[in-house]
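Structure first, commentary second.
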Amino acid sequence: MAKLNRSLDRYEGCEAYAISSGSPAQMAHFITDAKHDIATLAEALRQCQSALSMMIAPDAIKTTTVVNAFAQCSAAEAKARVLLGDQP
């Protein structure tokens, strides 16, 4: 499972001016980390949305069991919680 390069707390503490006044290398590392972390969180969100949409689809009962849908939702939620630093 992919992990965030920086915790949400570290992003919350960032100041745009401090980042922009740092060295070019610092800015490059920050942007690289942010791009990676946004993509990682977006993938976790897509997995959650996919599992939830599977449960509410009109033909959901034909394509999956309640237990399977619950397992997929639980796995997606657990992954998102780990990424956000909120252990289940």
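A distance of 12.5 Å separates OG1 of T40 from CG of L45, quoted to the nearest 0.5 Å. How far OG of S23 is from NE2 of H29: 7.5 Å, rounded to the nearest 0.5 Å. The distance from the CZ atom of F30 to the CG atom of N5 is 11.5 Å, given to the nearest 0.5 Å.
Under the 4.5 Å side-chain heavy-atom criterion for ILVMFWY residues, a single connected hydrophobic cluster contains both I19 and Y11.
Smallest separation of non-hydrogen atoms from C48 and E77: SG-N, 4.1 Å.
With respect to D37, the side-chain contact (heavy atoms from CB on, under 4.5 Å) criterion is satisfied by exactly one of L83, T32, L4, L8: L4.
A donor-acceptor pair under 3.5 Å is absent between the side-chain atoms of D33 and the main chain of R6, judged by distance alone. No donor-acceptor distance shorter than 3.5 angstrom exists from the side chain of Q47 to the backbone of A44, with no hydrogens or angles considered.
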